[in-house]
Every structure is written in C-alpha cells, then in structure tokens.
> 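Can you read through this structure? Questions will come right after.
Atoms within a ligand are numbered from 1 in the order they appear, just like the ligands themselves. The figures here come from the full heavy-atom set of this structure, side chains too, leaving out hydrogens, waters and symmetry mates.
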Amino acid sequence: MKAAIIYTSVTGNTSTLAEIICEKMNNHHIETDLIPVDEFHPQLLYNYDIVTVGTYSWDNGDLPMEMEEVFEAFEEEEVNHITTGVFGTGDSFYPYYCGAVDMFRDMLYVHTNLAVTLKVELTPQDEDLHRCEKFCDRLVSELAVVS
Ligand SMILES: Cc1cc2nc3c(=O)[nH]c(=O)nc-3n(C[C@H](O)[C@H](O)[C@H](O)COP(=O)(O)O)c2cc1C
C-alpha cells in the first residue's frame with residue numbers, strides 16, 4: 001500500500017499540515033510520499049492506493065492556480081479505484097472559508113473513492129493534531145473496505 005500527499009502552500013500553513021498528515025500516515029505503516037505541486041504530473045496518480053490533496057484557498061474561496069492541473073488530472077485520468085482525502089487551510093475572515101477544499105471534495109466524490117475532508121484555520125494548532133489522526137484513520141479504514 002502506498003500513499004501520496006500532493007500539496008501547495010505559499011506561507012507554510014498547508015505544508016505544515018501536510019507534514020503532520022504524512023507523519024501520521026507513516027504511523028499507520030503506510031509509505032507516504034509528500035509531493036509539492038510543482039513536482040506533480042498526472043501519471044503519478046497511478047502509483048498510489050491513497051492520494052490526498054492539500055490546498056489553501058484564494059480569491060473568494062477559489063482554487064490556487066497551480067492546483068488546476070491536479071484538479072483536471074483527477075477529472076481526466078482513470079482514478080475511480082483510488083481512495084482519496086482532501087485537506088486545507090483557510091481564514092474564516094473570508095466569506096467562503098476553505099472554498100478550495102469544497103471544490104476538490106465535490107470533484108473527488110464524483111471521480112474517486114473519497115473518504116474524508118479536513119479544514120484547518122490558518123496554521124495547525126495542538127487541537128488539530130487529533131483531527132489529523134482521525135483524517136488518517138478514516139483513509140486507512142476506507143482502504144481496508146475497498147481492498
Ligand atoms: C488575498 C487572499 C485571499 C484569500 N482568500 C481566502 C478565501 O477566500 N477563503 C479562505 O478560507 N482563505 C482565504 N485566504 C487565506 C489563506 O487561504 C490562508 O492564509 C492559508 O492558510 C494560506 O495557506 P498557506 O500558508 O499554505 O499558503 C486568503 C488569503 C489571501 C492573502
């Protein structure tokens with residue numbers, strides 16, 4: 001079993017969250033690759049049983065531009081066997097909190113075996129660690145059901 005975390009981050013909040021999730025996946029003994037979006041290409045998706053996506057939100061809850069290729073890859077490739085999750089950071093000061101997480105969620109629900117989503121306010125706090133654990137537990141138990 002192999003997992004990937006494909007993520008983007010400008011000011012570090014989402015990359016911190018991605019690193020926490022990576023560590024917790026490793027605690028489940030699932031080998032997990034952390035892939036910054038600039039190293040992504042669509043064929044990579046075929047290497048993994050679990051793929052999670054990490055994104056911040058921008059411009060009225062929109063996807064960051066650099067995540068569009070990832071979004072389109074899930075729409076275009078044969079990925080319905082992959083168990084997925086989406087996580088993100090945002091700022092509830094904005095009207096559409098973590099809107100990019102919702103956009104990925106809706107698309108992944110259609111095209112993949114979506115297991116779980118997670119939204120974190122700005123940088124992860126101690127109380128978010130337990131939520132990250134639950135995120136990983138959910139992914140792993142969903143994988144057990146489909147495999
Ligand atoms: C110009 C601008 C627009 C933003 N728009 C949103 C938004 O619509 N919704 C949201 O939840 N957060 C919004 N944010 C907050 C970022 O998503 C948040 O700071 C996030 O944690 C940044 O992630 P990063 O540190 O991984 O780059 C915005 C931030 C900026 C600077």
> Are G99 and ligand 1 in contact, using a heavy-atom cut-off of under 4.0 Å?
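Outside the 4.0 Å threshold, so no.
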> What residue and atom, counting heavy atoms only, is the protein's closest point to atom 21 (O) of ligand 1, and at what distance?
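It is T89 OG1, 2.7 Å.
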> Can you sort out which atoms of ligand 1 are near G61, meaning under 4.0 Å from one of its heavy atoms?
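Going through ligand 1 atom by atom, the ones under 4.0 Å from G61 are 7 (C), 8 (O).
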> Considering only protein heavy atoms, which is closest to atom 17 (O) of ligand 1, and at what distance to one decimal place?
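Nearest protein contact, heavy atoms only, for atom 17 (O) of ligand 1 is S57 O, 2.8 Å.
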> Report the member of Y94, F93, Y7 with the shortest heavy-atom distance to atom 6 (C) of ligand 1.
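Shortest heavy-atom distance from atom 6 (C) of ligand 1: Y94.
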> Determine whether a donor-acceptor pair (N or O, by modelled atom type, separation under 3.5 Å) exists between the side chain of S9 and the backbone of S15.
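Confirmed, S9 side chain pairs with S15 backbone.
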> Indicate whether the side chain of D91 and that of Y56 have a donor and an acceptor atom separated by less than 3.5 Å.
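Side chains of D91 and Y56: no pair found under 3.5 Å.
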> May I ask you to test the E69-P42 pair for a side-chain heavy-atom distance under 4.5 Å?
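Touching, per the 4.5 Å side-chain cut-off.
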> Checking contacts here: is it the side chain or the backbone of N60 that comes within 4.0 Å of ligand 1, counting heavy atoms only? Could be both or neither.
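The answer is the backbone of N60.
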> Going by atom types only, do H81 and D49 share a side-chain donor-acceptor pair under 3.5 Å?
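Absent: no donor and acceptor within the cut-off.
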> Using only heavy-atom distances, determine whether the side chains of T16 and T123 contain a donor-acceptor pair under 3.5 Å.
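There is no such pair between these side chains.
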> Considering only heavy atoms of S9, which atoms of ligand 1 have at least one such atom less than 4.0 Å away?
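In order of numbering, the contacting atoms are 24 (P), 25 (O), 26 (O), 27 (O).
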> Which residue and atom name correspond to the protein heavy atom nearest atom 11 (O) of ligand 1, and how close is it?
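For atom 11 (O) of ligand 1, the nearest protein heavy atom is C98 N, 2.8 Å.
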> In the protein, what heavy atom is nearest to atom 12 (N) of ligand 1, and what distance, to one decimal place, separates them?
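Going by distance alone, atom 12 (N) of ligand 1 is nearest to D91 N, 3.2 Å.
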> Which ligand 1 atoms are under 4.0 Å away from a heavy-atom of T11?
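What qualifies from ligand 1 is 22 (C), 24 (P), 25 (O), 27 (O).
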> Inspect the surroundings of CD in E127 and state if more than 12 heavy atoms from other residues, nucleotides or ligands are less than 6.0 Å away.
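Enclosed.
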> Report yes or no: do Y46 and E77 form a side-chain donor-acceptor pair below 3.5 Å?
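There is such a pair (donor and acceptor under 3.5 Å, judged by atom type) between the side chains of Y46 and E77.
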> With a 4.5 Å limit on heavy-atom distance, are the side chains of L108 and F74 in contact?
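A side-chain contact exists here, since the closest heavy-atom pair is under 4.5 Å.
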> Could D102 and R105 be called an ion pair, given the rule that one side-chain N must be under 4.0 Å from one carboxylate O?
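Between R105 and D102 there is a salt bridge, with a charged N closer than 4.0 Å to a carboxylate O.
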> Can you sort out which atoms of ligand 1 are near Y97, meaning under 4.0 Å from one of its heavy atoms?
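Those of ligand 1 that fall under 4.0 Å from Y97 are 11 (O).
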> Tell me the protein heavy atom at minimum distance from atom 27 (O) of ligand 1, and give that distance in Å.
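Its nearest protein heavy-atom neighbour is V10 N, 2.6 Å.
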> Considering non-hydrogen atoms of the protein only, which is the closest contact for atom 31 (C) of ligand 1, and what is the distance?
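Ranking protein heavy atoms by distance from atom 31 (C) of ligand 1, first comes W58 CZ3, 3.6 Å.
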> Starting from atom 9 (N) of ligand 1, find the nearest protein heavy-atom neighbour and note its residue, name and distance.
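So the nearest neighbour among protein heavy atoms is Y96 O, 3.0 Å.
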> Can you see whether E142 engages T83 through a side-chain donor-acceptor pair at a distance of less than 3.5 angstrom?
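Note: E142 and T83 side chains miss the donor-acceptor criterion.
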> What is the closest protein heavy atom to atom 22 (C) of ligand 1, and at what distance does it sit?
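So the nearest neighbour among protein heavy atoms is Y56 CB, 3.6 Å.
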> Pick whichever of V101, L122, T123 has a heavy atom sitting closest to atom 18 (C) of ligand 1.
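Looking at heavy atoms only, the winner is L122.
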